[in-house]
Amino acid sequence: MQLETVLILEHRDYGAGYRLLKVAAPGIAPQVQPGQFVHVRVPRLNDAVLRRPFSVFQAQADTLSILYKTVGRGTAALAALAAGQTVGLIGPLGHGFPLDGPAERVPVLVAGGYGMAALYLVAQRLPRQGMVFVGGCSAQDILGIEDFTALGWPAHIATEDGTRGVRGLVTDVLDAWLGEGRQSRTPEFFACGPNGMLQAVGDRAQAGGWTAWLSVDRHMGCGVGACLTCVVKCKAPDGDWVWVRSCKEGPVFECRQIQWEEES
Amino acid sequence: MQLETVLILEHRDYGAGYRLLKVAAPGIAPQVQPGQFVHVRVPRLNDAVLRRPFSVFQAQADTLSILYKTVGRGTAALAALAAGQTVGLIGPLGHGFPLDGPAERVPVLVAGGYGMAALYLVAQRLPRQGMVFVGGCSAQDILGIEDFTALGWPAHIATEDGTRGVRGLVTDVLDAWLGEGRQSRTPEFFACGPNGMLQAVGDRAQAGGWTAWLSVDRHMGCGVGACLTCVVKCKAPDGDWVWVRSCKEGPVFECRQIQWEEES
Amino acid sequence: MSLNSPDLSVNLGGVRMKNPVMVASGTFGYGPEYADLVDLNRLGALVVKGISLEPWRGNPPPRTVEVASGLINAIGLQNPGAEGFLRDYLPFLRQFDVPVIVNIWGRTVEEYAAVAERLSAADGLTALELNVSCPNVKEGRTAFGTNLPMFRRVLAAVRLKTRLPLIPKLAPDLSQIKAFAQAAEEEGADAISLINSIPALAIDIETRRPVLGNRTGGLSGPAIKPIALKLVWEAAQAVRIPIVGMGGIASAADAVEFIIAGASAVAIGTANFSEPTTALTVMDGLREYLIRHNLGTVKELVGALRC
Amino acid sequence: MSLNSPDLSVNLGGVRMKNPVMVASGTFGYGPEYADLVDLNRLGALVVKGISLEPWRGNPPPRTVEVASGLINAIGLQNPGAEGFLRDYLPFLRQFDVPVIVNIWGRTVEEYAAVAERLSAADGLTALELNVSCPNVKEGRTAFGTNLPMFRRVLAAVRLKTRLPLIPKLAPDLSQIKAFAQAAEEEGADAISLINSIPALAIDIETRRPVLGNRTGGLSGPAIKPIALKLVWEAAQAVRIPIVGMGGIASAADAVEFIIAGASAVAIGTANFSEPTTALTVMDGLREYLIRHNLGTVKELVGALRC
Ligand SMILES: Cc1cc2nc3c(=O)[nH]c(=O)nc-3n(C[C@H](O)[C@H](O)[C@H](O)COP(=O)(O)OP(=O)(O)OC[C@H]3O[C@@H](n4cnc5c(N)ncnc54)[C@H](O)[C@@H]3O)c2cc1C
Ligand SMILES: Cc1cc2nc3c(=O)[nH]c(=O)nc-3n(C[C@H](O)[C@H](O)[C@H](O)COP(=O)(O)OP(=O)(O)OC[C@H]3O[C@@H](n4cnc5c(N)ncnc54)[C@H](O)[C@@H]3O)c2cc1C
Ligand SMILES: Cc1cc2nc3c(=O)[nH]c(=O)nc-3n(C[C@H](O)[C@H](O)[C@H](O)COP(=O)(O)O)c2cc1C
Ligand SMILES: Cc1cc2nc3c(=O)[nH]c(=O)nc-3n(C[C@H](O)[C@H](O)[C@H](O)COP(=O)(O)O)c2cc1C
Ligand code: FES
Ligand code: FES
């Protein structure tokens, strides 16, 4: 984990309403593990007291990139930056996806929203090949399929309006795949997306006796474990529950750790 | 007085550390009187609650321009704007310089700092020709002489370090001119600059029985007379004194109105 | 009443307002200052700068300083006095179809009563807002705004002198706001308004002197909004009389927050300085909010916080 | 001591600090969290997150929300309890040459006394900061922080149980800060710290619910700086014991303002989240200020306000 002021190398539209921000981060980039994130100090947003967290999309040698969507004032201010300007990062942060699962497991990636950005490094760095399931409202919400197919990973797409792939939820496609008994081998899930999707993936994993790594999205303060903003309700060893920091112990949790009941 | 969102036409260095910002302001520009100012809403300065006041430098048909120096966060944010962007103005504001003095008076302009910007329209619009006295610390502080000489107005320059014009204060040059008895006609002063300079000009005017119009610089809130931030100590008719709004009754006052004693 | 034009009107303890958005005392002058930029007839109400019995000079400059998302002011209640106001401004104000609320203050209970009496005798004023909470005049805040018995005394004295709706403006007391709100109700106030600016200080580190001529001042603007909202919510739970909420409101969303917290009306203060039309944009945004949420009247939103 | 290296050291009621810049409770975890980014040995002191006798879960999320130039937090004092802290964090902290101040709280006078006693028995802790002012645990603020007799009782009870320097952290009471500061001094406090975050509310206008899981929270960050500065200045005029000033400090200039107002030390809170090295840059900037102003020690600046 380190603080780094980084130079913007590239900043452009990436499709599905997302923008790619690529920076030279010689300190942080080489350390990044799949599923980790960077905490970004957005310049010029001078009444903001918090950084903004973004998953690392790609990290190669001394550069890293994020994919983000403009949803509020921080991301809007980010979007106004140009190559040649600098931005402050803290990273890499959090516990990402473990890549050391048994070789016989088929990696199954499940993504919604920016989930594709959080999962790319999993596909790229896993020694085993797997497949990716992606969901969205409409064709124009489906982000970065090409990056996965370029790695030779097949992609299963679901859109709620049927404009791309199967009409329905990503879990429908996943269920079909699971139901068709195609899993000659045991699946291992890696998921990032809305809470409902994560919970659904976790339910299937627990029902099947499989492992599911879920990357949760919680509002963050410090990003390093100091402020206790970002907590997730987790099961405690004694059967009770406890608030656990998603910026430190997460953002990736095994589905059995999370206690979804009572969560909104 | 009106609110106008205006398009930036030109934004460039103007010398002496000042920048020229020229905008299309079809509502405000035609109304501007010499010595009036505009109150600028600086974009992106999102923790600022106040506008920033600037004298109108030039106003021609539907355009107007200001000359400003970066001295703090507002002017720094202003400097980052580019032609094609917009900015919000309220204007024209305040009571400017009266141009209807008797024809036999010689207009004598005295400027320090951005004073040249505040006085240009006086020279341009006065039916009578006069002269201008300018002071600064050093040659590089002397702003916009050429604009006055282009109007045929002679300029007398003083710098404290002697790098341009006479070494000394602008009032030294002014005193020399006054002392040499060159004023075949009665001078009428129009001054804008630091308080010390204004007071010195006012003293000379009162001693000689002449008129001196002084444009004062006070921090401003609303700019329209509502908040009572910008007050100047003025003499009251009954011999007492009273706080008077420089954004409304000023920024130009006749030197006899101002009560300088006890002012910082 | 069609769904497309929700009813924005409110009756604020006898002040009938076309809409619940007013402009706050001290930030909108006496009316003429902004009249070129804002159609005064569209305002819910106009609260003028604090008026005392006699003219008052106010504090030496600097009188305001900009800070992070806020403004500290120490104007010191400069005003032309009751007679000056009635002579120089009331005729202008009477041209408009807008409730005029006069913010009043005094240095003693007697002065409060006297100015209230004098203004009540004039024609064309709608209500009195009692400023017991200005942090910039020593006599004000210390004596009345944070001292419950004195607060009651001044309120009772003014109440005897006026039939106009009486709206005490509470000091932003963090621990006793309910007590002050209840005392106001008990002493016959028709509504209460809050918050006034919060006592604050800024220091010039080069000269090591306070920035403001009066040393301390009152903080206003977006910086205080979350504090103001909390106090309005607390006060709303303590009284039945209507509340005018203010403190850092700059957008319709801000105003909606105050109304949900329990304010029947809101006032725009510091935001007027950067955007003089804030009251109008807030009003329009509020109307859109009501339409989007299928509410026929703004009253349905008052105190609608779900806890 | 050469003019180029002014003496930054301070003795804060028995806490010997290399420099007057500490990190505020709840914003710097228990030490390890920021240790990769900030050399803990350089800090004037490290104040850890509030500790209670038993582990405490804290409030449901959302626990913080960003507002204009500020943050509202309602963490609710989640902590591993005194034993958990001593077991999991104290060994780590003892590796560093930095005064460790433990912020403590309880639900009853007895709990305060018990946690103070337990921590005082441990080796390696420098002082106790008594949090009687947290707006996020019902028991805290209501019972102790704004009730003078209760404040005295809890202070007296803790004082009996510890020989460590005791630093009560005052609630930001706008009208009674002097009374609380004096009570702290009379009950044997070695220093006082202020301010804690200010009670605040944010409402989600779409759901009409409070944004925070705990409904209300405490406002911190640059928004509260002018209020905090005023309170520190008032408190400094009321007591002789040293003061730790905090509230919105983000730059050396901010820290200098607090010191001029009367703080012997300052604490960096919310600013750590955006710039974790704020304490270090404040320290460097403070040194430069002293050099530029020809001051040999920071003590000469304490309370140097010219009025
Ligand atoms: C571990 C993690 C990884 C993320 N990775 C990505 C990514 O790769 N691409 C991407 O587009 N987005 C990602 N997000 C979400 C991203 O952080 C938010 O979209 C962003 O913070 C919104 O900031 P804003 O100022 O534009 O929005 P505003 O709504 O104006 O922000 C207000 C506050 O809410 C917080 N906030 C708002 N939305 C979210 C959210 N969805 N999650 C967390 N905090 C939020 C902001 O950080 C800020 O503190 C990630 C979030 C987390 C927690
Ligand atoms: C009537 C009038 C006309 C002016 N005309 C010009 C001009 O033509 N060219 C020019 O360069 N400057 C002019 N000024 C000064 C200009 O307003 C300030 O330089 C500017 O406001 C500084 O803003 P800032 O945010 O960069 O500085 P900061 O110091 O960061 O500003 C903080 C606050 O102080 C105020 N402030 C700071 N310096 C001044 C100042 N000298 N006068 C008034 N308020 C100040 C700001 O408006 C702001 O509210 C004029 C001022 C007045 C009152
Ligand atoms: C410059 C200025 C002058 C003010 N004068 C008065 C006043 O005369 N009487 C009064 O009751 N409040 C006065 N106030 C307080 C405002 O009416 C309002 O209560 C406060 O500013 C909070 O609202 P805001 O954050 O929207 O500005 C003044 C505020 C400012 C900024
Ligand atoms: C997330 C967060 C957690 C906090 N936790 C504590 C705490 O446990 N005990 C305490 O006394 N103060 C706590 N505080 C208050 C700070 O120590 C400090 O008093 C306050 O935030 C004002 O300083 P600032 O504006 O620099 O943040 C907390 C503040 C924040 C923002
Ligand atoms: S964001 Fe601060 S602990 Fe996780
Ligand atoms: S700036 Fe508001 S009255 Fe002049």
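Order of the sequence lines sets the chain letters (A, B, ...), proteins ahead of strands, with each chain counted from 1. The figures that follow rest on heavy atoms only: side chains count, while hydrogens, waters and symmetry mates do not.
- Contact annotation for C:Ile227: both backbone and side-chain heavy atoms come within less than 4.5 Å of a heavy atom of chain D.
- Comparing D:Pro210, D:Ala261, D:Gly248 by heavy-atom pairs within less than 4.5 Å of chain C, the highest count is held by D:Pro210.
- If you measure heavy-atom distances from C:Leu231 to chain D, you find no contacts under 4.5 Å at all.
- Without hydrogens or angle criteria, D:Arg306 side chain to C:Thr207 main chain gives a donor-acceptor distance under 3.5 Å.
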| said: Working note: C:Arg215 + D:Lys230, criterion side chain to side chain contact (heavy atoms under 4.5 Å, CB included); need CA distance, chi angles, decisive distance, verdict. | reply: CA-CA 10 Å; C:Arg215 296 186 196 175; D:Lys230 163 76 158 48; over 6 Å; no

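- At least one side-chain heavy atom of D:Leu301 sits under 4.5 Å from a side-chain heavy atom of C:Arg208.
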| field | Residue pair D:Ser69, C:Ser69: steps toward the side chain to side chain donor-acceptor pair (under 3.5 Å) verdict | value | CA-CA 6 Å; D:Ser69 297; C:Ser69 296; 2.5 Å; yes

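- Contacts of C:Ala228 with chain D are absent, with no heavy-atom separation under 4.5 Å from either backbone or side chain.
- Contacts between C:Glu234 and chain D at a heavy-atom distance below 4.5 Å are absent for every atom of the residue.
- By number of non-hydrogen pairs under 4.5 angstrom with chain D, the leading residue of C:Gly221, C:Ala304, C:Ala223, C:Ala200 is C:Ala200.
- C:Tyr289 touches chain D through its side chain: at least one heavy atom from C-beta onward sits under 4.5 Å away, while N, CA, C and O do not.
- At most 12 heavy atoms of other shown residues, nucleotides or ligands fall within 6.0 angstrom of atom CZ in D:Arg153.
- Both the backbone and the side chain of C:Val256 come within less than 4.5 Å of a heavy atom of chain D.
- Interface remark: D:Ile205 contributes backbone and side-chain atoms alike to the contact with chain C (heavy atom separation under 4.5 Å).
- For the options D:Pro226, D:Cys307, D:Gly70, D:Ala253, heavy-atom pairs under 4.5 Å to chain C are most numerous at D:Pro226.
- Looking at C:Ile203 and D:Trp233, their side chains never come closer than 4.5 Å, going by heavy atoms from C-beta outward.
- Scanning both residues, D:Gln176 and C:Ser175, for their nearest heavy atoms gives NE2-OG, 4.5 Å.
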